[in-house]
Every structure is written in C-alpha cells, then in structure tokens.
Amino acid sequence: MKNKKDNIFEEIYKIVKKIPCGKVATYGQIAIMIGNPRLSRVVGYAMSSCPYKDVPCHRVVNRFGELAKTFGENGSEEQKIRLENEEVYVEESGCVDLKEYIWNGK
DNA sequence: ATATTGACGGGCA
DNA sequence: GTGCCCGCCAATA
C-alpha cells in the first residue's frame, strides 16, 4: 500500500519533464493532468522549489502564457533565452503565443 | 505548534 | 460581462 499521499510534487515533476522542447505548458493544464485543476498553486510552488534540474520549469507558464518573473534574480531574462533557444519566441514582456507553443499534451 | 503566503485556476454571485 | 471567493499542497515566519 502506498503512503498516505505520494508527494504531489513528484506528480508535477513527472508531467513537466514530459513537456517536449519547443513547447510550453500552463500550470492549470499540468494541474489537470495531475487530477486536480485547483492544484495550480501547488504546481507553481513545485516549480519555485524546482529541486530537480530535470524539470524544465522555464517551459511552464501561467494561464496568460507569460513566464514566471520570479524564476531567478535576472527574472525571466534567462528563462526567455532558454525558450528562444528551443524555438519558442518570447516577447519582451516574457509572453509567448499559447496558441502556437501550448503543449497539446502529446 | 499555528497562521499566512505563494510562480494559479476555476466557479459562482 | 465583471468581480469576488474558494480550493489545494508545501514552505516560511
């Protein structure tokens, strides 16, 4: 039998690591994949923790499609570069075209 | 130990 | 159509 509850973080990381390069996913979408659309907050928190370097948190954006400015000291600057490095165009606002780069889940 | 916050999202009034 | 409130988990004060 399983523990009372497996770390929800692990569920999140598992999905985030599943994001293909050149694509981005929203917290809500990831949260839904976990099984609870309201876990969006936990998803964001898991990213802020980001203990696993295998988790491309820079590919995870909010529902507006903009990157997390709390990524680091440089803000979304480095994150923006990473996305552009993966063929993902990012605006100066740190916003990407969801309709173009949104991860379809496959 | 408890309370509040925190990279959000969705539902309801 | 707009605005406000609630929910979830973990970490920090």
Side-chain angles (χ1 to χ4, degrees):
Chain A
M1 39 190 144
K2 308 192 323 206
N3 293 341
K4 304 166 190 164
K5 53 185 172 175
D6 296 315
N7 282 19
I8 195 81
F9 275 42
E10 194 176 307
E11 303 289 297
I12 298 168
Y13 298 136
K14 183 164 61 175
I15 294 170
V16 175
K17 293 196 305 193
K18 220 160 72 70
I19 302 175
C21 82
K23 290 277 187 181
V24 297
T26 65
Y27 294 106
Q29 197 161 7
I30 295 167
I32 292 167
M33 290 175 185
I34 296 165
N36 259 359
R38 298 164 184 109
L39 289 179
S40 50
R41 295 175 88 146
V42 186
V43 175
Y45 209 83
M47 298 288 103
S48 84
S49 269
C50 212
Y52 302 103
K53 59 184 192 286
D54 295 289
V55 180
C57 42
H58 60 270
R59 285 188 202 147
V60 185
V61 297
N62 61 17
R63 61 171 184 255
F64 298 107
E66 56 184 308
L67 293 99
K69 48 192 168 192
T70 47
F71 185 74
E73 297 180 359
N74 297 329
S76 52
E77 185 180 309
E78 187 176 305
Q79 189 177 19
K80 195 194 309 184
I81 296 171
R82 290 189 184 190
L83 286 170
E84 291 188 301
N85 187 36
E86 306 218 0
E87 301 177 58
V88 179
Y89 172 68
V90 183
E91 296 180 54
E92 293 299 305
S93 306
C95 192
V96 304
D97 286 84
L98 286 178
K99 57 179 172 56
E100 289 217 38
Y101 301 109
I102 188 62
W103 179 36
N104 302 289
K106 53 193 294 257

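Lettering of chains follows the sequences in order, A, B, ..., and the numbering in each one begins at 1.
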Checklist entry - Can you name the closest pair of heavy atoms from A:Gln79 and A:Cys57 and give their distance? => result NE2-O, 3.5 Å

Checklist entry - Got a sec, which residues hit side chain to side chain donor-acceptor pair (under 3.5 Å) with A:Glu66, two or more places apart in sequence or on another chain? => result none

Checklist entry - Going by number, which of residues 29-40 of chain A have a non-hydrogen atom under 4.0 Å from DNA chain C? => result A:Arg38, A:Leu39, A:Ser40

Checklist outcome for this item: The first and last nucleotides of DNA chain B lying within contact of chain A, meaning any atom under 4.0 Å from one of its heavy atoms, run from B:dG6 to B:dG9

Checklist outcome for this item: side chain to side chain contact (heavy atoms under 4.5 Å, CB included) filter on A:Ile81, not counting sequence neighbours, yields none

Checklist entry - Taking only residues two or more places apart in sequence, or in another chain, which ones meet A:Lys99 in a salt bridge (charged side-chain N to carboxylate O under 4.0 Å, His left out)? => result A:Asp97

Item to check | Remaining members of the apolar cluster that contains A:Tyr101, side-chain heavy atoms under 4.5 Å | outcome: A:Val24, A:Val61, A:Leu67, A:Leu83, A:Val88, A:Tyr89, A:Val90, A:Val96, A:Leu98, A:Ile102

Next on the checklist: Listing request: all salt bridge (charged side-chain N to carboxylate O under 4.0 Å, His left out) pairs with a residue in residues 79-90 of chain A, at least two apart in sequence or in separate chains.
Outcome noted: A:Arg59-A:Glu86, A:Glu78-A:Arg82

Please produce a list of atom pairs where a protein N or O lies less than 3.5 Å from an N or O of nucleotides 11-13 of chain C.
unit_1: C:dA11; atom_1: O4'; unit_2: A:Tyr45; atom_2: OH; d: 2.6

Checklist entry - salt bridge (charged side-chain N to carboxylate O under 4.0 Å, His left out) with A:Glu100: which residues, sequence neighbours excluded? => result none

Next on the checklist: Taking side chain to side chain contact (heavy atoms under 4.5 Å, CB included) as the definition, give me every residue that meets it alongside A:Ile32, ordered by chain and number, with sequence neighbours left out.
Outcome noted: A:Pro37

Checklist outcome for this item: Residues at least two apart in sequence or cross-chain that pass side chain to side chain contact (heavy atoms under 4.5 Å, CB included) with A:Lys17, listed by chain then number, are A:Asp54, A:Val55, A:Pro56

Checklist outcome for this item: Quick note, ring-ring contact (aromatic ring centres under 6.0 Å, His included) partners involving residues 26-61 of chain A, not counting sequence neighbours, are A:Tyr13-A:Tyr52

Checklist entry - If we take the C1' atom in both C:dG3 and B:dA7, what is their distance in whole Å? => result 23 Å

